[in-house]
Structure formats: C-alpha cells, structure tokens
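Below: one structure, written as structure tokens.
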2 protein chains.
Amino acid sequence: MVPVRADARRNRDRIVEVARDIFRSKGYDAVSMDEVAKAAQVGAGTLYRHFPTKEDLYDAILEAWADRVNAAVERALSLDAPARERLMAWLADFAAMLTEHRGAAARITAALGDPSSPFAAKCQTYLGANERIIEGLASAMRPGVEPLQISRLVGGVAVVADTSEMPPGSVASMLEIVADGLLAQEGANLANR
Amino acid sequence: MVPVRADARRNRDRIVEVARDIFRSKGYDAVSMDEVAKAAQVGAGTLYRHFPTKEDLYDAILEAWADRVNAAVERALSLDAPARERLMAWLADFAAMLTEHRGAAARITAALGDPSSPFAAKCQTYLGANERIIEGLASAMRPGVEPLQISRLVGGVAVVADTSEMPPGSVASMLEIVADGLLAQEGANLANR
DNA sequence: TGCAAAGCGGAGAGAGTCTCCGTATAGTTC
DNA sequence: GAACTATACGGAGACTCTCTCCGCTTTGCA
C-alpha cells in the first residue's frame, strides 16, 4: 500500500471543500482553477496534481451524488400513487439534482455515452437509476424504452433549464410532456395516426 | 443614408463566406476568431469591427436559416399523413437544422428566452415555426402546449445529440417520445393514473 | 538526526477573445 | 486629378483561462 502524506490529504480535502462552495455560488464555467487554488491557499501545481483537469475536480465534488440519486429513485418508487405521479417525482428530483450546479447538467449528460469521461461512474449511477425506474414502472412504461433514452431526455431538459433562466414550473411542465411520452402505450393516440 | 465603403463590404462578405465553411467543418467551439481572420485574409481588428463577438459572426452565417425553417414547417404541414407523422417530420427536420453546426444547438436554445442575444431574431423564427405547427395540428395537439415548450424540448434533444456522438436513429427515437408527449390527450393514459 | 521520496507552489507556456491606435485607402470636393 | 477627411485596415498586445515544469520544502521512516 502506498502511504499518503498527511499534508497531501489535508490539501486535497480542503480543495474539495472550498471548491464545492465556489462552484455552488458561481457555477462551473464562471470558476477558474486559479481562483480555487487561491481560495484553498495552495499553488496551481498542487491543485493540478490532485485533480488533473477541472472535470476531475468537479467529479470529486459530486462524491455523495450517487447516494442521493439512489435515494430519489427509492423514494419515487415507494410512493403510494399512480405510475405517472411516481415517474414525475423521479424526473423532477433528477432534473433538480442535475441543475444544482450551473453548467454541470451539460457536462454530465454529454458524458453519458463516453466511458473515458471523468464522470463515467456518475453516469453509471444515473443509468442504473433509470433502469430501476423502468423496471419498477414496467407495466405502465412505453414498450422498449431504455435507460439511456430517459437519461438523455431528462438531461436535455436540465441543460435547457440550466442555460435559460426559466420561471419555476416551466421545467415541470416540460417534464410532464416527457413523462407522457414515456408512458404512451401503443395505440393510445390511435385517433391521431 | 450612411455610405458603405466598397472594401468594407467586400471584406464582410468574404469573412462570412469563409467562416461558414470553417464552422461547418470544425464546429463552433473548435474555431478561433484568429483562424477566421487569417483564412479571410484580414486582421483581427477588421474581423471584430464587422462582428463584435463570435456569436455575432455566427448569427450572420445563419442568415438564410429562417427561410429553411419556414420551408420545413410548410413541408411537414402539407404532408398527406396523420398528425403524428407530420409532427415527427417537423421535429426531425428541426433537430437536424439545429445540429448542423456543432455547438450551435446549445447557443440557440439558450437564447430562446433572451431578447438581447444576437440570436434573438433566429429564436423568433423558431418560435413562430412552432406556433404554426401547434395551429396546424391543433386538433391532435396536447391542450395548452406552447411554442416555447416545443422549442426547448427539441432544443434539449438537439443539444444532447450534438454533444454525445449518438448512433443514427437514436435522435429519432427520442423525438418520438417527445412527439407522443406532445400529442397526449387528457385521459389517454387514464389507466396509469 | 539524516535522508529519500513525496509534495509544494508559482512562473510561465500556450491558446483564446477582444482592444487600441498608427497607417492606408475610398470617395468626395474643388 | 489633387487634396482632404471620414472610414476602414491590421496586427501587436492586454487580459484571461487551463495546464506544465522544475527548484525548493516537508514528511515519515530508519
């Protein structure tokens, strides 16, 4: 086992903690690495040794994310409500988590199909969550829907919400359209075909 | 009326022409303004006098866009086919136009609610097109759908498609889900509620 | 206490966007 | 067609951001 020097661990922890606050208050794109280094009182070299890219740093900040995603799935599935309402609960929770830090939704969603991304582990969590949703609501779900599709649809809505200064409620109404699409049964709209 | 010097007009036209090719081959983000200036054989100062920002330059490149958007609407509405098919024709055309230049979908979609954006005029075209679609397919359309909602949903799908290296067909299947959501009638999924 | 090995930090390379301002030229006036 | 002025040109460089290199410092073990 490789020993980790105490100063290294201390610096790493302080960087993550400080960076989390800065990202939350200013958004991903508006934060420079120099700014993080200064705030954490380390040199740029130190920052970059711990986190080779800005995305790696962001990935470390999202450490606890997986747990929250899984909790949201369980919460939605365990609701005593119709399938549509449970689906909406999940979609809304997930979109909210994606837009928690400005600029994050686009990066995470873009990484969905890229195993080499620093966010690959987060994406697996995300895809797994949607897999659970599809299983849990199987009887009501549109036939043939895949986790990747739901992930991308909600990701797309989240990206737009993130970059558009939308009034509250707008996101929800867009998600309702997506939800209805995801629940559409064959022949449900036969009259329109 | 303010006279326009011949050299100025010549340069402006050449810049737009050259830039269109470069953006098409490399994508918005991968092109630097210096590169455009060099290719158009003008100095950086000249480029920036004609187009104060990179987005202004891009806006000029999209000059003929409005016509194509409107043509796509007319084409979709005039199809002799069920509403769902006509809606899909439009959504697919529009998503394709948005992803024509890599990086453009995100910028145009983000500008939808921002009247001060250089793309404001393009956004009006886009919103107007969706207004026509809603009117044209009114009887089949989900009650209460607004142009801004469709614009953002398709924009979201386009952004994801643009940043994700998706296999052909994936975009279409996501748009089908959106289309079904947009056509969902009250009570259509009653069994799930 | 001594000494590798690991870690630190900041100057600066490289890439962008965009500005400033001295120079050149188009178009008008006589 | 020469002189003049408003307009346009061009490129050096200011500023910002990500990320690297390498001489110096600190840690933890013997």
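We name chains A, B, ... by the order of the sequence lines, and we start the count at 1 in each one.
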Handout entry: is_close_aromatic(A/Phe94, A/Trp65), centroid dist under 6.0 Å
Key = yes
Exercise for the section: May I have the distance from B/Asn11 (atom CG) to D/dG10 (atom P), rounded to whole angstrom? Expected result: 6 Å
Practice task
Grab the OH-P distance between B/Tyr58 and C/dT17 for me, whole Å please.
Solution key: 15 Å
Problem - For atom CZ of A/Phe51 and atom P of C/dG7, their distance in whole Å - result: 13 Å
Handout entry: Nearest-angstrom distance from the residue atom CD of B/Gln41 to P of D/dG11
Key = 11 Å
Exercise for the section: Indicate the ring-plane relationship of A/Tyr28 and A/Tyr58, choosing parallel, tilted or perpendicular according to the 30° and 60° boundaries. Expected result: perpendicular
Exercise for the section: Check whether any side-chain N or O of B/His50 sits under 4.0 Å from OP1 or OP2 of D/dA8, and answer yes or no. Expected result: no
Problem - Atom pair distance, as rounded to whole Å: CZ in A/Arg12 and C1' in C/dC8 - result: 17 Å
Practice task
Take atom CD of A/Glu35 and atom P of D/dC15, then tell me their distance rounded to the nearest Å.
Solution key: 19 Å
Handout entry: Donor-acceptor side-chain pairing of B/Asp162 and B/Thr99 below 3.5 angstrom
Key = no
Completion exercise
Whole-Å distance, A/Arg9 CZ to C/dA6 P, equals 16 Å
Problem - B/Arg142 atom CZ, over 12 foreign heavy atoms within 6.0 Å - result: yes
Handout entry: Other residues, nucleotides, ligands: >12 heavy atoms within 6.0 Å of B/Arg14 CZ
Key = yes
Exercise for the section: Answer yes or no: is there a side-chain heavy-atom contact under 4.5 Å between A/Leu87 and A/Met141? Expected result: yes
Practice task
Could you run through nucleotides 17-27 of chain D and give me one letter per nucleotide, 5' to 3': B if any protein heavy atom sits under 4.0 Å from the base, S if only the sugar-phosphate is that close, - if neither?
Solution key: -BBBB----BS
